[in-house]
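Some notes on the structure that comes next.
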Amino acid sequence: MLDRSPLLTLFKPPVFNPHQFGDDLMFWYDGQDPRGDGSVPSSGAAINPWVDKSANAISVPQGTGSRQATFVPNIINGRPALRFNSGATQFYQRAAVRVFDNVNSYSIFVIFRPNSVAITNGFLEGGNGTGTGIFAIGATSGRIRLVNRSPYAISGGDDITSANNAMTAGANYFVKFVRNGATGNQTVISSNGITANLTPLTQPGLPAADMLLTIGTNGASIAGALLNGWVGAIIGVAKVLSASEMAGLSNYVWQRWGITT
Amino acid sequence: MIYLTSADEQKVVAAQAQICINCGFPNGRGTDNWDIPGYKEDLGVYYIVKPPVEGWSDGVDSFTQAEMMAGVVDVVEREWEWD
């Protein structure tokens with residue numbers, strides 16, 4: 001009988017991971033590897049900081065114990081994630097972050113399992129510390145939303161929210177937040193097929209400026225309207241992905257999270 | 001979520017300080033305190049988060065809720081959820 005195993009080894013396809021975006025990878029917060037070193041935290045361990053696995057090393061700290069998310073080893077299709085508590089008081093934040101400098105197109109991907117969609121689950125904000133995000137993504141009452149403002153407008157901006165509730169508590173989602181400056185489109189798409197599109201865009205691209213980067217808010221008040229659920233990953237890329245790149249990422253999400261994108 | 005509250009801000013500050021003593025905060029590994037006192041205007045109380053039933057651990061140190069709450073006095077437990 002022919003031993004085919006060497007041939008299978010020789011022709012094994014490469015495994016995609018976000019590092020393949022190269023310099024375009026802005027940040028990669030991995031709930032399966034929150035310390036970024038391959039170590040597995042104990043179940044329930046408070047995580048601080050949440051390490052950024054991209055070359056930018058924008059790890060986000062949280063020095064207050066009650067506000068640190070905790071590691072859950074088996075939750076999103078049996079894979080780990082960080083639990084942001086039912087009190088929606090937990091978040092991570094880092095000042096003077098330089099990301100998306102002079103970027104007019106970007107893509108942010110989130111893997112999330114809500115515990116509640118009754119609140120505004122804010123995934124990520126790059127802002128100026130006053131609660132007004134320069135870019136912000138979240139799920140307002142389960143409706144996925146992307147806001148892009150520049151420089152730090154108090155209101156308005158390119159703001160798209162899905163008309164329909166994209167999420168229900170206890171289910172797992174892969175959500176894409178995409179701003180395409182070249183085509184003048186802003187899109188939010190969830191893995192269960194909820195989508196919304198905004199065109200044309202009115203805001204210029206993101207400036208080269210320090211930001212206050214926060215995981216766990218979309219610009220709403222820090223006291224309360226944060227995040228209540230399990231975050232598997234947040235990945236930021238300073239471009240719109242090509243079809244082949246999206247296929248690679250989709251395969252990665254399927255293999256690593258068991259979610260069909 | 002359950003909070004430790006008092007109309008007297010110093011009582012809440014003291015409760016937070018006691019929890020920090022119990023947990024060794026700041027612990028030199030990035031955790032500097034347990035909570036930052038807030039004020040809930042509609043109830044007229046200052047508050048911090050009560051240590052959860054499962055306690056707190058960062059994988060190096062672990063504390064039960066009872067250990068964290070040892071010596072915490074003069075605060076009232078109240079429960080609410082943020083809108």
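Order of the sequence lines sets the chain letters (A, B, ...), proteins ahead of strands, with each chain counted from 1. Everything numeric in this text was worked out from a predicted model, so none of it was measured.
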Highest number of heavy-atom pairs under 4.5 Å with chain A: which of B:Ile36, B:Asp32, B:Asn33?
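The answer is B:Asn33.
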
Output the option from B:Gly59, B:Pro26, B:Gly30 having the highest count of non-hydrogen pairs under 4.5 Å with chain A.
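So the answer, after comparing B:Gly59, B:Pro26, B:Gly30, is B:Gly30.
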
Is B:Trp34 in contact with chain A via its backbone, its side chain, both, or neither, using a 4.5 Å heavy-atom distance?
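Contact with chain A: backbone and side chain both.
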
Side chains of B:Asp58 and A:Phe71: closer than 4.5 Å at any heavy-atom pair?
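Side-chain contact under 4.5 Å: no.
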
Going from CE on B:Met68 to OG on A:Ser66, what distance comes out if it is rounded to the nearest 0.5 angstrom?
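If I round to the nearest 0.5 Å, the distance is 8.5 Å.
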
Do you know which of A:Ser42, A:Pro61, A:Gly63, A:Pro49 has the most heavy-atom pairs under 4.5 Å to chain B?
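Of the options given, most contacts go to A:Gly63.
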
Between A:Thr64 and B:Asp35, does a side-chain hydrogen bond (donor to acceptor under 3.5 Å, both in side chains) hold up when you go through it step by step?
CA-CA 6 Å; A:Thr64 297; B:Asp35 198 8; 5.7 Å; no

Is A:Asp23 atom CG crowded by more than 12 heavy atoms from other residues, nucleotides or ligands, each under 6.0 Å away?
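No, not enclosed.
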
Proximity breakdown for A:Gln62 and chain B, heavy-atom pairs closer than 4.5 Å
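Only the backbone of A:Gln62 comes within 4.5 Å of chain B.
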
Which atom names give the shortest non-hydrogen contact between A:Asn48 and B:Arg29, and what distance separates them?
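Between these two residues, the closest heavy atoms are ND2-O, 4.1 Å.
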
